[in-house]
Structures are given as structure tokens and as C-alpha cells.
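Numbering of ligands and ligand atoms starts at 1, following listing order.
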Amino acid sequence: MGIVMGPNQYGKAEVRIVSVNKDTPRHTIKDLNVSTSLRGDLDAVHLTGDNSNCLPTDTQKNTVYAFAKEAPIGEIEDFALRLGRHFVNTAEGITGARILIDEYSWERIPVGGTGHDHSFARSTDEKRTTAVTIDGDKAHVVSGLKDLVVLKSTGSEFWGYPKDKYTTLAETDDRILATAVTARWRYLGTDLDWGKSFESVRATMLEAFATTHSLALQQSLYEMGKQVLDAHPEVAEVRLSLPNKHHFLVDLKPFGLDNDNEVFYAADRPYGLIEGTVLRDDVDPAPQAWYSLAEF
Ligand SMILES: O=c1[nH]c(=O)c2[nH]c(=O)[nH]c2[nH]1
């Protein structure tokens, strides 16, 4: 019987970096939020405060900035792979690294009919994401997006559910279906055209959401994941988190008006939260997750 140090990791969270490429007067920008986590032989720092294997989180932050200058950032997956491999290959006692990156999107401001060379507007709240894990000489990439807000103004029903003495929800064959998509998909390789794959996965998910006549958001979730896997052999599994952004019919009878599914109250909370994984049954399962309080 005794007490030991359990799973642990440490790093710098949310390194905000904006990098401007000035190779030509038509600048491009990369706007990222980068988090690093390292694992390895870290008992000593926890048990006795011996920092000899503890590459400072400050150094990890500086590495992110320096790497952005030493070579073009490129796709976030490639940048994360470079950073993670660097820490594992160079830091004494470090055997694993996980790099999380969120990328914010900017569009050129239109001026005189074309996009301006060096002025940008934040186009949407949607973020492109990646989570790259290095484990010794192995690497795996889970990319995704979050805060992609979508809505169907019809083509959504919800009925046939069990009713008990607490049920008040009316069955409907015509409702608004709206959600803010968080999606993560696990790649089978580490060497591919990340940007092309991202755009295609995103387009497939959107098309599946739009064209599925939905009897439940759960059914839309499965279709979105399934159609991504059908069209993308490079993807092993898709995980989706879909808040059901409820839209309630407003009672217009007090004003002598009929509401023919046209006027809704958009509630912000509570919301249903529909989550799930759609996966191939013939690939290796995802490697064990990194430490997370939520998985306790
Ligand atoms: O698509 C839905 N799935 C549910 O599980 C659910 N539950 C609920 O109240 N409304 C909905 N809608």
C-alpha cells in the first residue's frame, strides 16, 4: 500500500500567435492558439521538485514562436507535428507530446472589388482545429472544427418518443433544427494534404446536415459521420458534439394570429447535447487519450 504519482502531463496552454508572411506585398496571416503538453520521466519533479527533466513551459512557448519564424507555419497539422517531434526528439526524459491548435479565420477586406493586400476581417467564429500526439516514434493526428453554426428551417421532425408523467414536449413534423457543430476526425496517416482533406470533410458534413430529412438530431449526427467516412478513406473515425439549439414556436393566438411554423423563440439554454462517434469497424481503435480531468 502506498501513494504514487499517477498520469500527468504539463505544458503551455493557449499560446496566441499571429504570423504575417511578407514575402510579397500581398500578405497572408496565420492566427493560432497553440497548446503544448509533454509527458515522460517526470516523477522526480512531482516527488521531490527535481527539475532536471522539466523543460520549462516558458521554453515550450518560445519554441512555438521561434518555429513560426524558422519555417512557414503551413497547415496546422504539419506545424503541430514539427513541434511535437522536436520536443520528443530533443528534450531529455520527454517521451510524448501533444500539440493542440485552433486556427481563427480571416478574410481579406474587399476594396474596389478585390481583397485588400494587408487588411482583414474576422469572417466567422468557426475554428479549424488539430490535436497531434507524438508517442515515441509514433504520431497520430485528430483534426476538426468547432463553432460551425448551422440551421435547417424545415426538414426536421421529432415524434414517437416515450411519454411519461413529466413529458410536455409536443410531437412535431416540422421544426427548426439548429446546432453548433464540434467535430473531430482521426486520420489514419500523418502525411497527407491536410487542407484539401479538411475542406472536403467539412463540405461533406454540411451537405449531410442539409440533405438528411431528420427525425432526430441523433440521426443527423450519424449521417454526417457516415458520409464523411464513406468519402474519406484517410479518416478512421468521426466524433461529433451537437448542441440542439432549440427554437420554440411563439404563441401568437393572443394577437389573433396563427403561427404556421414561422415565428420562433431562439432559446440559448438549456440545450440538448447530442454526442457520438461514427467509426470503421476494421481499423485499430484510437490510442489511449491523454490525461483529462473529464475522463476520470
Ligand atoms: O433531435 C432530438 N433528439 C432528442 O433526443 C430530443 N429530445 C428533445 O426534447 N428534443 C429532441 N430532439
So if I count the atoms of ligand 1 from 1 in the order they appear, which ones are less than 4.0 Å from some heavy atom of L217? 1 (O), 2 (C)
Where is the nearest protein heavy atom to atom 9 (O) of ligand 1: which residue, which atom, and how far? L169 CD2, 3.6 Å
Could you tell me which residues satisfy side-chain contact (heavy atoms from CB on, under 4.5 Å) with R128, sequence neighbours excluded, listed by chain and number? E75, I76, E77, E103, W194, F198
With a 4.0 Å cut-off on heavy atoms, is E157 touching ligand 1? no
I'd like the name of whichever of Q219, R175, Q218 reaches closest to atom 12 (N) of ligand 1 through any heavy atom. R175
CZ of F67: more than 12 outside heavy atoms within 6.0 angstrom? yes
Which bit of N244 gets closer than 4.0 Å to ligand 1, counting heavy atoms only: side chain, backbone, both or neither? side chain
Minimum-distance protein heavy atom relative to atom 6 (C) of ligand 1: F158 CZ, 3.2 Å
A216 to ligand 1, any heavy atom closer than 4.0 Å: yes
Lys/Arg cation over aromatic Y65: K69, 6.0 Å, 45° cone: no
Taking the basic N atoms (NZ, or NE/NH1/NH2) and the acidic carboxylate oxygens, is any pair closer than 4.0 Å for E237 and R239? yes
Salt bridge present between E70 and R82 (N-O < 4.0 angstrom): no
I'd like to know if D102 pairs up with K146 as an ion pair, taking the criterion as any Lys NZ or Arg NE/NH1/NH2 lying under 4.0 Å from an Asp or Glu carboxylate oxygen. yes
I274, any N or O under 3.5 Å of ligand 1 N or O: no
